[in-house]
Chemist: 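Quick one: the structure is below, and I'll ask about it shortly.
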Protein chains: 2
Amino acid sequence: MASHGARGRGGGRPTLEEVAARAGVGRGTVSRVINGSPRVSDATRAAVEAAVAELGYVPNTAARALAANRTDAIALVVPEPETRFFAEPYFSDMLRGVGSQLSDTEMQLLLIFAGGDRERRRLAQYLAAHRVDGVLLVSVHADDPLPDLLAQLEIPAVISGPRSAGETLTSVDSDNYGGARSAVEHLLSGGRTRIAHITGRLDVYGAQRRVDGYRDALREAGREADELLVEPGDFTEEGGRRAMSVLLDRRPDLDAVFAGSDVTAAGARQVLREAGRRIPDDVALVGYDDSAIARHMDPPLTSVRQPIVEMGRAMIDLLLSEIADHRPPASRGPERRHAVLPTELVPRASS
Amino acid sequence: MASHGARGRGGGRPTLEEVAARAGVGRGTVSRVINGSPRVSDATRAAVEAAVAELGYVPNTAARALAANRTDAIALVVPEPETRFFAEPYFSDMLRGVGSQLSDTEMQLLLIFAGGDRERRRLAQYLAAHRVDGVLLVSVHADDPLPDLLAQLEIPAVISGPRSAGETLTSVDSDNYGGARSAVEHLLSGGRTRIAHITGRLDVYGAQRRVDGYRDALREAGREADELLVEPGDFTEEGGRRAMSVLLDRRPDLDAVFAGSDVTAAGARQVLREAGRRIPDDVALVGYDDSAIARHMDPPLTSVRQPIVEMGRAMIDLLLSEIADHRPPASRGPERRHAVLPTELVPRASS
DNA sequence: ATCATGAATGGGAGCGCTCCCACACTACCT
DNA sequence: AGGTAGTGTGGGAGCGCTCCCATTCATGAT
């Protein structure tokens, strides 16, 4: 089936016009068939489809983009250097979800890293040129100007972790508050009483919400949160080590640690070991993310699973509908949307 | 400076024509300035640049692509599922090199995963639509039809590991043969005499070359290669475990292992430990790739470093020149190019 | 029989650029 | 003075589509 026609002599790919001539119809009709318009008779549609197959016609995206003023592409923007992207499984899971949801579509996904200043400038240019129909924003810090730029350029965008409670962009998030609560409740029900928390980067809203969940869970159990037991981290292993040392110094009698990420927990674990603490006997440890690290740790790490793949899917759904709504410059949908997906505690031997 | 003009009212981004009017010149002249043609007087150029800045003009890529028949984008095609891409540091290093070399350019990089059948079909469509000016191909197996498709579509392409000695595509490779030799010579000079080799996937040409290097190094040292000491692996940790078990069964007296990758070495290490062998006392271990794993292994793993970042850079250089050569459909450059970059042995405690 | 109505279709206009030819003008030879 | 190269410049044509208006023809209501 198909594959001869205009191929051979490198030069000329067939155009709409040629397909139309071959099928004995007009250009407009072929365009309608290509784009799946219902206003075409079955017979005509079949004829056109045959001609398309015979000629091996493939639409010229540039022409389409120019005429229709859309690109059929969306960008996943990671405002981090590549290294962090690859270091953290979060991103790859996210990408999996995004990719799977997108594969039913004609949309093309671009992966853009904007870690450095230079890349940021390139990105700004890129967005100003409207080279994508929409943007997926992952792991944005509170003071990042990117969301505002997007808003100003009126480019549909969905952000993966809202920057604050009043996030203006459409957002997708996991239930950080609930996840933290479930972790702490789990530790409490295991009889732990002096539960420390190594936070994530506190300029990330989700990390703040986890602190809130941690505090509220303790409070509801009748225990006032002891601020000496809370030490800021930054999601990294090194940060986990640092914070753990501080905590051990300050509160040598702690009997549990809730870490802001699995990687952080790994760092904490190392310091605990070096300090002669056994896990879980002396100190129970709970992480966050339920990444591969958690499963492979010794002992395996109890962790809070975020449905990252599903979050990726949700982001695509929201973004595509934003793009669709946006096309006719109708009234900007007033109701901003925020999806929050549930987390799940995965108990393992570390607690 | 700049940023008012046509911005405000979402709708109208300025066009070439508008810039021309503002600068009091013709459309062609503005185009020349934008594209850096030398045939413009300094005064005119300055006037145009001022107009561009005032209006915040950004070229419309779709229009440019349509008129000039190029996209200013290249694709990095990974014929693997995402998971493998992220699991192996090889890819992220490659991406770093590619990205850094590309950042001097107007070119846009797309990352395309084509692991499954479905993705393959999408990719074929994508390439047929000529949505990129060139393609970077990473880790392609011997029987992959992708290179032929590229050739047939006459899309400039550079492959990261040639598929065979007679690779038809322009290629970049590291000196697998020399790298393997240096590993074996290192082990020999350490007094090891029964050196096993766990290969990579043998449908990868580079893995074959490593076997060649292994054999030749032994032969030149006057030792006939013992085929019982060679066991095929597949670059994975699991494969390393499997192969190591087989080797220990077959040749319990082996005193060194050269693994096809660091990950494979990690698998081998595990089995060696379980069998009570001490590293490096009983068995010396050498890996390949010099990845993070090698540095963090216990004991740290001697490994062969491939200059992957540099390979990425080299790929871009070659691809860009292919694209440039290609533009005027002149005589297809007859001399295919193959760059081979040197490897380097990084000795550590495991040998 | 008459007139709306709507479904299916053809094709003009135009998206914003690049390419290239034509033109003016300058300089420098004869 | 007339030619002959350049240089710098303007603008027509056209890239391959989508959008939309006009046209045709069949259908059903009157």
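Quick note: numbers below take in every heavy atom, side chains included, and nothing from hydrogens, waters or symmetry partners. Here is how names work: the chains are called A, B, and so on, in the same order as the sequence lines, proteins then strands, and each is numbered from 1.
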Chemist: For B:Asn60 and C:dG16, what is the distance between atoms CG and P respectively, to the nearest whole Å?
Modeler: 7 Å
Chemist: Could you tell me whether the side chain of A:Arg32 has a donor or acceptor atom within less than 3.5 Å of a complementary atom in the base of C:dG10?
Modeler: yes
Chemist: Let me know, please, whether A:Ile34 or B:Val40 comes out on the 5' side of the other along DNA chain D by nearest nucleotide.
Modeler: B:Val40
Chemist: Could you tell me if B:Ser100 and B:Arg313 have a donor-acceptor pair between their side chains, going purely by distance under 3.5 Å?
Modeler: yes
Chemist: Taking atom P of C:dG14 as reference, at what distance in whole Å does atom CG of B:Leu16 sit?
Modeler: 19 Å
Chemist: Closer than 3.5 angstrom, by distance alone: can the side chain of B:Ser171 be matched with the main-chain N or O of B:Gly161 as a donor-acceptor pair?
Modeler: no
Chemist: If I compare all heavy atoms of B:Leu102 with all of A:Arg122, which pair ends up nearest, and what's the gap?
Modeler: O-NH1, 3.3 Å
Chemist: Check the phosphate of D:dG8 against B:Ser41, side-chain N and O only, distance under 4.0 Å to OP1 or OP2. Yes or no?
Modeler: no
Chemist: Is the base of D:dG6 touched by the side chain of B:Arg39 through a donor-acceptor pair closer than 3.5 angstrom?
Modeler: no
Chemist: Provide, to the nearest angstrom, the distance between the CZ atom belonging to B:Arg70 and the C1' atom belonging to C:dC19.
Modeler: 12 Å
Chemist: Counting only side-chain N and O atoms of A:Thr15, is one of them less than 4.0 Å from OP1 or OP2 of D:dC15?
Modeler: no
Chemist: How many Å lie between CG on A:Asp72 and P on D:dC17, as a whole number?
Modeler: 14 Å
Chemist: NA contact type, A:Asn35, heavy-atom cut-off 4.0 Å: base, sugar-phosphate, or nothing?
Modeler: sugar-phosphate
Chemist: Which nucleotide wins on minimum distance to the side chain of B:Ala68, given the candidates C:dC17, D:dT18, C:dT18?
Modeler: C:dT18
Chemist: Without swapping roles, check the side chain of A:Asp133 against the backbone of A:Thr71 for a donor-acceptor pair under 3.5 Å.
Modeler: yes
Chemist: Can you measure B:Arg64 atom CZ to C:dC15 atom C1' for me and round it to whole angstrom units?
Modeler: 16 Å
Chemist: Between D:dG16, C:dT18, D:dC17, which nucleotide gets closest to the side-chain atoms of B:Ala67?
Modeler: C:dT18
Chemist: Remember a base hit wins even if backbone is also touched, and classify A:Arg27 as base, sugar-phosphate or nothing at under 4.0 Å, heavy atoms.
Modeler: base
Chemist: Grab the CG-P distance between B:Asn69 and D:dA13 for me, whole Å please.
Modeler: 22 Å
Chemist: Rounded to the nearest angstrom, tell me the gap between atom CG in A:Asp42 and atom P in C:dT9.
Modeler: 10 Å
Chemist: Scan B:Leu169, B:Ile159, B:Leu146 and name whichever one has a side chain to side chain contact (heavy atoms under 4.5 Å, CB included) with B:Val140.
Modeler: B:Ile159
Chemist: Verify the contact: side-chain N or O of A:Ser31 to OP1 or OP2 of D:dT18, cut-off strictly under 4.0 Å; return yes or no.
Modeler: yes
Chemist: Quick one: B:Leu66 CG to D:dG14 P, roughly how many Å, whole number?
Modeler: 14 Å
